[in-house]
Amino acid sequence: MERPSRLLLLSELRVRNAAHSVSLSRSLLTWKRRGSSPLYHPFRPRFCLPRLRRRSDSGSCHIVPVSEIISVREEDEENGSGRRDDGSWKKIKERDVKDCRQAFTVLYVERSGQHRWRCAEVTFTCSDTTLCQRWISNIREQLAAIASRPRRLLVYINPFGGKRQGKRVYEQKVAPLFLQAGIFTDVIVTEYANHARDHLRTEAELKQFDGVVCVGGDGMFSEIVHGLIWRTQIDGGVDVNCPDEALLPCSLRIGIIPAGSTDCICFATVGTNDPVTSALHIIVGDSQPMDVCSVHHNNTFLRYSVSLLGYGFYGDVLTDSERKRWMGPARYDFSGVKMFLTHHYYEGTVSYLPARGILGTPRDTARCRSGCVVCQRNGQLLSERAERYETDEGPDGETEREWRTIRGKFLAINAASMSCACPRSPKGLSPAAHLADGTTDLILVRKCSRFDFLRHLLRHTSKDDQFDMTFVEVHRVRRFRFAPRHCQSDSDLELDLQENGKRQIFSQICRDHPACGCAPSYSSWNCDGEILTHTAIDVRVHCQLVKLFARGIEEPAVFEDLTNPCAI
């Protein structure tokens, strides 16, 4: 408990008819049960009653950060005792009703297992009305002073994503919490693909809002990211088609209410795919910066990526699964098995700019967690170098801008800007990747046997080192380029995808029936679940370009300490 000189309020209040010492400071709300008293614990003769085991929370202190208080409300007269008045103990009942009129309830964040948050509440009963009002006004003043909390949000709901539960999830689980926290919302239910992206680009009055919330899956989040980044660059006069341009960071934070099939972004930034947990992170005003990769072909902008860029295996799986959308989510498993059996490899050249002078490597045992030191240190370092960053070698720091080139035959080329963890793969493709360190992990899987490739895929679900294989190499980079061996295939792919996504008939037959012996000369890039129209690409990482309503995955010790506040 804090020193009395730093306390704003210190009173003896009642919680469930038990006396508690309650204190409020600018950072903590604390209540602790006082010692036994005949008023609340009548005397029980020891010779007639067995000694009862003391409850684990008896006499314990409860500590709640003011930043994690959702709201405070004054109790109405109707919220008094619900017992029927049969005439007995009338004086005691009248006292209870009087006390309930002088009570207030504090709603706050309570942690549970597996990184989940829930809304808990505690009701304090005061001795008089003046004291009750003083407590309510002081708590509300402290909450109003938290500048990071959103007051007005723009909410986009995708009613078609995942199991089509987005609207129901928002109305039943999220909207009531926003209402209790006093957050005003403008809700837009999207009607077609890229509806949210187009609305953010042109129509949305962003100055009226403190953040943007998407209710849906990773595809919906991608729409929000593309809309916000595009709008920010256009308003700032930045040419998005120039791969060497330094992009302006977005001022509005993005909230994710998971309601999709995988919700990889939410899982990697919060640790769980629970809508209530995500809503509470938004309410308390958490902020988690995140890197974004811009993908260009020559001087033409293609897409932004925040999680995974995959060429070869993952690109083939996505391309094949798009033809089988009628199968639902099972199409990914079917296409994955099919592409594993076909075992295609692709020739090409990878050039990359290694990340030098930063903390961390792709094979670290430490993970990116809440308050990550690696992200903070590297983000500050890269921001200082941002003005000097250029593609061409300059007179200063020539060794730092030295490009490296790798040529070969690859089963997969992946760039992971985060761990890409999900319920199916708790460790992800690159367990040590960081959310906001200004780098991406470039994973090259060279041509190998089916058995070895299967070993590599199974590593994603195990605790073994992901990259401890001779045919797998990983590099932490700030920028990379890829060019397929047959450059003419790149223009062919663009023309074919423009024609309703159909390839030439003979190429399609060879691809679906690899027994003919014709190995395909190119694959497709999987960019956060979307197929790119080019295979020759230039990818650059933009450090901490966007911010989320999140705080990263908290360590288990944090949950244990706050579940038992006396351990603090």
Side-chain angles (χ1 to χ4, degrees), residues 147-162 166-167 169-171 173-175 177-179 181-236 240 247-260 263-266 268-270 273 275 277-292 303-307 435-436 528 542 544-551:
S148 61
R149 291 203 168 195
R151 305 288 185 258
R152 192 180 190 91
L153 296 172
L154 177 59
V155 181
Y156 293 96
I157 301 177
N158 179 8
F160 308 108
K167 191 174 181 180
V169 167
Y170 177 78
E171 293 176 349
K173 297 184 178 182
V174 179
L177 291 174
F178 285 170
L179 182 62
I183 297 177
F184 298 95
T185 58
D186 286 12
V187 180
I188 297 177
V189 180
T190 59
E191 300 175 355
Y192 51 87
N194 293 322
H195 182 178
R197 183 201 65 182
D198 297 341
H199 185 264
L200 284 170
R201 282 185 175 183
T202 57
E203 301 179 31
E205 296 293 337
L206 299 182
K207 294 182 180 180
Q208 301 179 1
F209 303 100
D210 302 311
V212 181
V213 176
C214 62
V215 184
D218 294 335
M220 188 65 177
F221 174 74
S222 180
E223 283 193 37
I224 301 298
V225 167
H226 279 78
L228 269 184
I229 295 179
W230 183 278
R231 178 74 172 270
T232 303
Q233 309 319 310
I234 295 302
D235 293 345
V240 295
L247 301 183
L248 300 176
C250 300
S251 59
L252 294 183
R253 285 169 290 175
I254 304 174
I256 309 174
I257 303 298
D263 302 308
C264 174
I265 309 298
C266 186
T269 55
V270 178
N273 293 337
T277 301
S278 297
L280 293 176
H281 278 285
I282 296 172
I283 290 173
V284 302
D286 280 337
S287 182
Q288 170 63 54
M290 189 168 66
D291 299 335
V292 177
R303 285 188 68 85
Y304 295 113
S305 172
V306 295
S307 59
L435 293 171
D528 294 352
H542 300 269
Q544 303 183 8
L545 191 62
V546 298
K547 291 183 179 180
L548 306 184
F549 282 107
R551 64 175 60 176

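Keep in mind that this is a model prediction, so the values were computed, not measured.
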Would you say the side-chain atoms of [X] pair up with the backbone N or O of [Y], donor to acceptor, closer than 3.5 Å?
X    : Y    : result
D286 : F549 : no
R253 : S148 : yes
Q288 : L548 : no
D218 : I265 : yes
E223 : A196 : yes
D528 : V306 : yes
D210 : R151 : yes

To the nearest 0.5 Å, how far apart are [atom1] in [X] and [atom2] in [Y]?
X    : Y    : atom1 : atom2 : answer
E191 : N158 : CD    : CG    : 12.0 Å
D235 : W230 : CG    : CH2   : 12.0 Å
I283 : S278 : CD1   : OG    : 11.0 Å
I157 : E171 : CD1   : CD    : 6.5 Å
Q544 : H542 : CD    : NE2   : 13.5 Å
L545 : D291 : CG    : CG    : 8.5 Å

Can you tell whether the side chains of R152 and D186 come within less than 4.0 Å, N to carboxylate O?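 Counted as a salt bridge, because a side-chain N and a carboxylate O are separated by less than 4.0 Å.
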Looking at side-chain heavy atoms only, is the closest gap between I229 and V292 below 4.5 Å?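 When only atoms from C-beta onward are counted, V292 and I229 do touch, with a gap below 4.5 Å.
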Does the side chain of P159 reach to within under 4.5 Å of the side chain of T190, using non-hydrogen atoms?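 Yes - at least one pair of side-chain heavy atoms lies under 4.5 Å apart.
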Please assess T232 against L206 for the test side chain to side chain contact (heavy atoms under 4.5 Å, CB included), listing each intermediate value before the final yes or no. CA-CA 10 Å; T232 303; L206 299 182; 6.0 Å; no
Would you name the heavy atoms of [X] and [Y] that are closest together and state the gap between them?
X    : Y    : answer
R231 : L200 : NH1-O, 2.6 Å
L248 : G236 : CD1-CA, 3.7 Å
G211 : L252 : N-CD2, 4.0 Å
F209 : L153 : CD2-C, 3.6 Å
Q233 : V240 : CB-CG1, 3.6 Å
C214 : F221 : SG-CA, 3.8 Å

If the test is side chain to side chain contact (heavy atoms under 4.5 Å, CB included), which one of I257, L177, V215 qualifies with P275? I257
Could you check I254, I256, V213 and say which one makes a side chain to side chain contact (heavy atoms under 4.5 Å, CB included) with I282?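 Of the listed options, the one satisfying the test is V213.
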Show, in sequence, the C-alpha distance, side-chain angles and deciding distance for V284 and R551, and conclude whether the side chain to side chain contact (heavy atoms under 4.5 Å, CB included) test is met. CA-CA 10 Å; V284 302; R551 64 175 60 176; 4.3 Å; yes
Can you label the angle between the Y192 ring and the H195 ring as parallel, tilted or perpendicular, going by 30° and 60°?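 Aromatic pair Y192/H195 classed parallel.
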Give me the ring orientation class for Y304 and H226: parallel if the planes are under 30° apart, tilted from 30 to 60°, perpendicular past 60°. tilted
Do we see a donor-acceptor contact under 3.5 Å between the side chains of R303 and S222? yes
